[in-house]
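These numbers were taken from a predicted model, which means no experiment stands behind them. Quick note: numbers below take in every heavy atom, side chains included, and nothing from hydrogens, waters or symmetry partners.
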Amino acid sequence: MKIAYITPEYVTENYFSGGLANYIFRVASYLAQQGHSIHVVTLSNEPSSTFKHNGVTVHRLRSSSKSQTDALSALHPYQQWIRQSFAFTSKLRSIHRRVGLDLVQVSQYNALGLGVFALSPVPVIMRTSSYQPNIDEKTFEPPEKMSEHVMVALEKLQIKTAPHIIAPSNTLKKIIQRDFPQRSIRVIPSPFYMEIQNTDPSVFDKQIGNKPYLLYVGRYQLHKGFHILLDALKDIFPACPDLTAVFVGEDRPTRLGPSMKRLALDSLPAYRNRLLFIEQLPHNQLYPIMQNARLITLPSLSDNLPNTLLESMACARPVIGTIGASFDEVITDGQDGFLVPMEDPVALADKVIQSWNRSDLDRIGSAARDKIREFAPERSIAELLDYYQDVIDDKA
């Protein structure tokens, strides 16, 4: 097949910070290795260009500078979206003229698919990986700026008009169908494999060493449950005197303050020496930190089988996840990980304290690694390709 993926981020770009880029990289690279012709069109801070990366043809589209974006958003918050949507659609049509694409998959973020739905000469599938109204509801952070209201409206319009929709989890499907009960959404799990063969333990060796630690990986955001973990640590630290809390990810402003890292330091002054913050890392440096964690906690309020969960389980470490945020679609409590109620710092603290000194954590971690084989690309991508073929046949 000849397939194009349209995304706001990809692993070739120095700014990417989410699981979307990693998801597309794993799918695109695997398909390219299987002989398919794969194109990825991504926004970039670099000049527009086309090049090969891991067998995939990558097309960079230069995004506007921050000052340009801010100026546009202040006047007309939809103008930036129009420019980007037009640029993606124009590039897509150019690629199709040269290679004759069979199918396009667009990411939901920033409503990139709306222009493509209307103008693409080939079948289009939208993959949704979050739903902003649900995140706003869980975090009590409703849109404030005009641009935020516009993007939520565009996201909803995109869901209404997408020719075909896929989602990685039943949790997300159910959330979206509460607002759009008539929409058909196909659940196809994200493929997972350890794409890094040679890891780099330098960050682990330098910053962590032989400390036993509880690990949090992800953006420091409310919908990821960062503040829930901070509340839980007030009980965890006294009960587990040897525990260090390690955070790896990108600090973000929230309604609780301009820096969640600063919030953590201010809310836990007696334990500052047991809080360790590490900036976002590439996988070759992140995996050694995951592999050596005693426990990994992902206390999300809204999530969608995140890559961090799959990566943690593949590293054979027990994950503490939340019920109702998709983790319970994979984890069986006490067997291959642990589950706690959402938004419950007391339950999270109790689970960490109960689990910290368990003698069978390695067994649970091994069971987690075995469970993750269900996401092997020969299964999940085979299912994706079958769906692609169904869509292509329907279009014919």
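- Put simply, Ile125 and Val27 are part of the same group of oily side chains (I, L, V, M, F, W, Y) that touch within less than 4.5 Å, one to the next.
- When each of Val41, Ile24, Thr42 is paired with Tyr5, the side-chain contact (heavy atoms from CB on, under 4.5 Å) condition holds for Ile24 and for no other.
- If you check the side chains of Asp350 and Gln354, you find no donor sitting under 3.5 Å from an acceptor.
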**Report entry** Test log, rule side chain to side chain contact (heavy atoms under 4.5 Å, CB included), inputs Val203 and Leu281
**Finding:** CA-CA 9 Å; Val203 176; Leu281 296 172; 4.0 Å; yes
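- A donor-acceptor pair under 3.5 Å is formed between the side chain of Thr254 and the backbone N or O of Leu256.
- With hydrogens and angles ignored, the 3.5 Å screen pairs a side-chain donor or acceptor of Asn307 with a backbone N or O of Gly19.
- A donor-acceptor contact shorter than 3.5 Å links the side chain of Arg62 to the backbone of Asn45.
- Contact between Met342 and Ala325 at its shortest, heavy atoms only, is CE-N, 3.7 Å.
- The closest side-chain heavy-atom distance from Ile289 to Gln207 is not below 4.5 Å.
- Counting heavy atoms from C-beta outward, Ile208 and Asn292 have side chains that stay 4.5 Å or more apart.
- The minimum heavy-atom distance linking Leu310 with Ser190 is given by the pair CD1-O, 4.3 Å.
- No chain of hydrophobic side-chain contacts below 4.5 Å, direct or via other Ile, Leu, Val, Met, Phe, Trp or Tyr residues, connects Ile331 to Leu214.
- Atom CZ of residue Arg60 and atom NE2 of residue His53 lie 9.5 Å apart, to the nearest 0.5 angstrom.
- Asn304 and Ser169 share a donor-acceptor pair across their side chains, judged by distance under 3.5 Å alone.
- Here the side chain of Glu9 pairs a donor or acceptor atom with the backbone of Ala21 at under 3.5 angstrom.
- A side chain to side chain donor-acceptor pair (under 3.5 Å) with Ser302 is found for exactly one of Asp136, Asn134, Thr139, namely Asn134.
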Report task. Check the pair Ser312, Arg369 against side chain to side chain donor-acceptor pair (under 3.5 Å), reporting the backbone distance first and the verdict last. Result -> CA-CA 9 Å; Ser312 299; Arg369 183 174 54 201; over 6 Å; no
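- When all heavy atoms of Gln291 and Arg317 are compared, the closest pair comes out as O-CD, 3.4 Å.
- Considering only heavy atoms from C-beta on, Phe226 stays 4.5 Å or farther from Pro299 through its side chain.
- The pair Arg272-Asp266 meets the salt-bridge criterion, with a side-chain N (NZ, NE, NH1 or NH2) lying under 4.0 Å from an Asp/Glu carboxylate O.
- Grouping the Ile, Leu, Val, Met, Phe, Trp and Tyr side chains by contacts below 4.5 angstrom, directly or via other members, places Leu276 with Leu215.
- Side chain of Tyr213 to main chain of Phe247: no donor-acceptor pair is present (N/O by atom type, distance under 3.5 Å, no hydrogens or angles).
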Query - Criterion side chain to side chain contact (heavy atoms under 4.5 Å, CB included) on Arg127 and Val106, from CA distance to verdict - result: CA-CA 6 Å; Arg127 180 186 184 266; Val106 301; over 6 Å; no
Query - Check against side chain to side chain contact (heavy atoms under 4.5 Å, CB included), Ile135 and Ser130 - result: CA-CA 8 Å; Ile135 294 174; Ser130 67; 4.2 Å; yes
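- Between His39 and Ile3, the closest side-chain pair of non-hydrogen atoms is not below 4.5 Å.
- Residue Ile159 is tested with Asp179, Leu154, Ile165, Ile185 for a side-chain contact (heavy atoms from CB on, under 4.5 Å); the sole match is Ile165.
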Requested in this report: Output, in order, the C-alpha distance, side-chain angles, deciding distance and verdict of side chain to side chain contact (heavy atoms under 4.5 Å, CB included) for Ser355 and Arg358.
Outcome: CA-CA 5 Å; Ser355 305; Arg358 284 182 63 146; 4.2 Å; yes
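- Listed for the Asn54 side chain is no donor-acceptor partner under 3.5 Å among the backbone atoms of Val56.
- For the pair Asp200 (side chain) and Ser202 (backbone), a donor-acceptor distance under 3.5 Å is present.
- Of all heavy-atom pairs spanning Val187 and Lys173, the tightest one is CG2-CD, 3.6 Å.
- A distance of 7.5 Å separates CD in Gln221 from CD in Glu250, rounded to the nearest 0.5 Å.
- Remark: side-chain polar atoms of Asp336 are not paired, donor with acceptor, to backbone N or O of Ala367 under 3.5 angstrom.
- Between Phe180 and Tyr131, the ring-plane angle classifies as perpendicular under the 30° and 60° cut-offs.
- Across Arg274 and Cys240, no two heavy atoms sit closer than the pair NH2-O, 2.5 Å.
- Side-chain N/O atoms of Gln158 and Gln108 include no donor and acceptor closer than 3.5 Å.
- Separation of atoms CD1 (Ile364) and CG (Asp360) is listed at 4.0 Å; rounding is to 0.5 Å.
- Looking at heavy atoms from C-beta onward, Leu31 lies out of side-chain contact with Met1 at the 4.5 angstrom threshold.
- Counting heavy atoms from C-beta on, the side chains of Cys315 and Tyr287 come closer than 4.5 Å.
- With a 6.0 Å radius and a threshold of 12 heavy atoms from other residues, nucleotides or ligands, Phe140 has its CZ atom at or below the threshold.
- Taking the side chain as every heavy atom from C-beta outward, Ser129 and Tyr23 never approach each other to under 4.5 Å.
- One finds the CD1 atom of Ile320 at 5.0 Å from the OG1 atom of Thr297 (value rounded to the nearest 0.5 Å).
- Considering only heavy atoms from C-beta on, Leu103 comes within 4.5 Å of Val391 through its side chain.
- Among residue pairs with one or both ends in residues 285-313, those qualifying as salt bridge (Lys or Arg N to Asp or Glu O under 4.0 Å) are Arg26-Glu311, Lys224-Asp303; sequence neighbours excluded.
- In terms of heavy-atom proximity, Val248 sits nearest to Tyr220 at N-OH, 4.0 Å.
- Residues Tyr193 and Phe375 keep their aromatic ring centres 6.0 Å or farther apart.
- Hydrophobic clustering (side-chain heavy atoms under 4.5 Å, transitive across Ile, Leu, Val, Met, Phe, Trp, Tyr) groups Leu301 together with Val340.
- The distance from atom NZ of Lys174 to atom OG1 of Thr171, rounded to the nearest 0.5 Å, is 6.5 Å.
- Residues Ile323 and Leu295 do not share a hydrophobic cluster, defined by chaining ILVMFWY side chains whose heavy atoms lie under 4.5 Å apart.
- The backbone N or O of Tyr109 lies less than 3.5 Å from no partner atom in the side chain of Ser107, so there is not a single donor-acceptor pair.
- The backbone N or O of Met260 lies less than 3.5 Å from no partner atom in the side chain of Arg252, so there is not a single donor-acceptor pair.
- Separation of atoms CE (Met194) and CD1 (Ile196) is listed at 8.5 Å; rounding is to 0.5 Å.
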